[in-house]
There are 2 protein chains.
Amino acid sequence: MTTAGSNREPKYRRIAGALKQGIEAGRYAPGDRLPGENDLMAEHGVARMTARQALAVLQAEGLAEARKGAGVFVREFRPIRRRGIQRLARERWGSGRSVWGTDVGDRDLAVEVVEVAEKDAPEAVAGVLGGARTWVRDRRFVLDGKPVLLSVSYYPAALVADSAITRHDTGAGGAYARLAELGHEPVRFREEIRSRMPTADEADRLRLAAGTPVVLVCRTAFTADGRAVEVNEMVLDAGSYVLEYEFEG
Amino acid sequence: MTTAGSNREPKYRRIAGALKQGIEAGRYAPGDRLPGENDLMAEHGVARMTARQALAVLQAEGLAEARKGAGVFVREFRPIRRRGIQRLARERWGSGRSVWGTDVGDRDLAVEVVEVAEKDAPEAVAGVLGGARTWVRDRRFVLDGKPVLLSVSYYPAALVADSAITRHDTGAGGAYARLAELGHEPVRFREEIRSRMPTADEADRLRLAAGTPVVLVCRTAFTADGRAVEVNEMVLDAGSYVLEYEFEG
DNA sequence: CAGTGGTCTAGACCACGAT
DNA sequence: TCGTGGTCTAGACCACTGT
């Protein structure tokens with residue numbers, strides 16, 4: 001087969017490429033349904049598995065999303081902005097004028113408290129906090145009905161045992177206000193960031209489409225005298241967030 | 001088929017799960033070869049496509065990597081640490097004691113200059129810099145022979161036209177030193193971070209295995225009077241980096 | 001060279017979503 | 001109910017890697 005000319009690109013890639021072009025050219029807008037397996041089989045004269053492979057490429061790249069019994073649809077990207085320093089963010093310099101324009105989000109954010117319990121922290125966290133015995137606050141953040149963030153916070157048990165941090169509702173000002181009242185106000189923070197594909201559990205709890213990575217943010221909060229009083233491990237839906245940090249050279 | 005008991009997990013997932021367990025349990029160490037398609041077909045009595053699907057799961061999750069003609073291998077994760085504020089990073093508080101232990105990297109880092117040219121910047125960048133006419137520095141960073149970072153920097157053409165920023169070698173201290181000499185020293189920075197699956201071109205230029213996301217970092221540098229003098233768009237291999245930021249509340 | 005993963009076919013049955 | 005994507009089979013040929 002294959003008349004003259006070297007066609008060394010696999011069929012499924014050619015098909016995927018054609019679909020991608022269609023998306024970029026705007027022939028398929030975000031939310032639109034793409035041609036289905038049967039359409040591609042007929043149009044390109046290929047077997048079902050080949051058509052599937054083509055659609056799988058778009059899904060793996062995060063461009064499309066399959067809905068069982070309905071079709072494959074073009075995905076949308078409307079992330080929310082998370083600022084490292086909220087206080088400074090409102091200063092005059094450089095305000096507005098961000099490269100990735102995103103809604104600041106006055107949307108409906110719900111916080112589900114999954115669990116609050118006294119537990120041993122993982123080894124790496126225990127090393128930072130100076131002891132394994134911790135109170136753990138496990139929460140999930142849901143934006144407009146879509147889960148976007150899993151958050152697990154660890155506090156040294158000896159420090160917070162008698163505070164509202166051990167209860168579902170930490171009260172006004174949250175855990176940091178309670179730490180401050182205890183004489184351990186966090187004033188400095190370190191955030192470590194990486195990204196990878198989600199585990200099956202993470203994909204489930206964040207309801208992630210295939211082809212969506214997660215961003216891992218690990219925040220450590222320090223008091224003025226350098227003691228670590230909180231480690232917060234967060235798992236973010238990468239399609240829902242843009243992180244922002246500002247600092248001086 | 002399927003003797004008693006509801007086995008509603010697809011075969012390929014069961015097989016993938018078994019392989020994952022093997023990795024977690026250490027039966028397959030990083031770099032080891034996993035059972036191949038033929039092995040899985042024989043062991044589980046399935047068709048080739050099904051065995052492939054199982055192996056595809058591990059690759060999509062970034063746990064394994066296929067090498068044509070050789071096999072599928074367990075991947076390793078040894079990222080390098082990139083600090084937002086190098087100066088402050090050496091202060092006493094909180095030094096050491098990071099949650100994700102990673103080599104600070106005294107490894108061999110090569111910088112390839114792909115292109116230095118005067119060009120129109122993309123619309124979003126032009127908006128930040130206050131004009132589309134820019135000098136563009138396109139570079140690729142290679143660590144121990146493995147590409148880890150693509151970097152494209154934009155500078156207002158009117159500002160840097162006569163400086164070494166327009167040449168391949170910017171000289172001692174780099175572009176920031178040249179900007180300082182021109183009276184436009186960058187003193188404040190904003191970095192915006194997101195993550196997604198790579199485009200085919202990015203995967204190619206970073207030699208990414210399937211199942212590896214990229215991290216996008218967009219840095220904007222401001223002078224003391226609030227003028228943006230550089231926008232640097234970076235594409236990082238997510239498997240090669242941990243980003244770190246420190247700030248005060 | 002033998003073995004590996006990569007691509008592809010032509011069927012099949014299923015669970016699910018919308019109508 | 002009908003069309004969709006999801007899973008699976010049993011074959012096949014190819015290009016590549018290693019020895």
Side-chain angles (χ1 to χ4, degrees), chain A residues 1-3 5-19 28 31-61 63-75 200 203-204 207-211, chain B residues 1-3 6-19 28 31-60 63-75 200 203-204 207-211:
Chain A
M1 284 304 98
T2 79
T3 49
S6 66
N7 71 336
R8 282 285 41 83
E9 195 176 26
K11 289 186 187 179
Y12 77 95
R13 276 193 200 281
R14 298 183 77 86
I15 300 174
L19 291 172
Y28 308 113
D32 281 3
R33 178 170 181 275
L34 291 169
E37 297 177 359
N38 297 328
D39 301 313
L40 296 178
M41 288 166 70
E43 189 181 343
H44 296 89
V46 296
R48 158 158 264 106
M49 284 303 297
T50 307
R52 278 187 69 73
Q53 261 182 301
L55 290 169
V57 168
L58 300 207
Q59 294 174 58
E61 292 183 358
L63 294 174
E65 172 179 11
R67 294 207 278 272
K68 241 189 306 192
V72 179
F73 297 81
V74 180
R75 276 176 53 181
D204 198 54
R207 292 218 312 271
L208 296 176
Chain B
M1 284 307 98
T2 78
T3 50
S6 66
N7 71 335
R8 283 284 41 83
E9 195 176 26
K11 288 186 187 180
Y12 77 95
R13 276 194 201 281
R14 298 184 75 86
I15 300 174
L19 292 172
Y28 308 113
D32 281 3
R33 179 171 178 272
L34 291 170
E37 296 177 0
N38 298 329
D39 301 312
L40 296 178
M41 289 165 69
E43 189 181 343
H44 295 88
V46 296
R48 157 158 267 106
M49 284 303 298
T50 307
R52 279 187 68 73
Q53 261 182 301
L55 290 168
V57 168
L58 300 206
Q59 293 173 59
L63 293 174
E65 172 179 13
R67 294 208 277 273
K68 242 188 308 191
V72 180
F73 298 82
V74 180
R75 275 178 52 184
D204 197 54
R207 292 216 313 270
L208 296 177

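Quick note on labels: first sequence line is chain A, next is B, and so on, each numbered from 1. What you see is a predicted model; the values in this text were computed from it and never measured.
- Looking only at distances, no side-chain donor or acceptor of A:Arg13 sits under 3.5 Å from a matching main-chain atom of A:Val57.
- The distance between atom CD of A:Glu65 and atom P of D:dG6, rounded to the nearest whole Å, is 11 Å.
- For the pair B:Ala70 and B:Thr50, nearest-nucleotide mapping onto DNA chain D gives the more 5' position to B:Thr50.
- Between C:dT7 and A:Tyr12, a contact under 4.0 Å exists linking OP1 or OP2 to a side-chain N or O.
- For the pair B:Met49 CE and C:dT9 C1', the interatomic distance rounds to 11 Å; values are reported in whole Å.
- Atom pair A:Glu9:CD and C:dT7:C1' shows a separation of 13 Å (rounding to whole Å applied).
- At the phosphate of C:dT9, neither OP1 nor OP2 sits under 4.0 Å from any side-chain N or O atom of A:Arg48.
- Toward the 5' end of DNA chain C, the nearer of the two residues A:Gly69 and B:Pro35, judged by each one's closest nucleotide, is B:Pro35.
- Between B:Glu37 atom CD and D:dC16 atom P there is a gap of 17 Å when expressed in whole angstrom units.
- Here B:Arg33 reaches the OP1 or OP2 of C:dT4: one of its side-chain N or O atoms lies under 4.0 Å away.
- When the side-chain nitrogen and oxygen atoms of B:Asn38 are compared with OP1 and OP2 of C:dG3, none of them lie within a distance under 4.0 Å.
- The interatomic distance linking A:Gln53 (CD) with C:dC8 (C1') rounds to 8 Å, in whole Å.
- In terms of phosphate contacts, A:Lys68 brings no side-chain nitrogen or oxygen within less than 4.0 Å of OP1 or OP2 of D:dG3.
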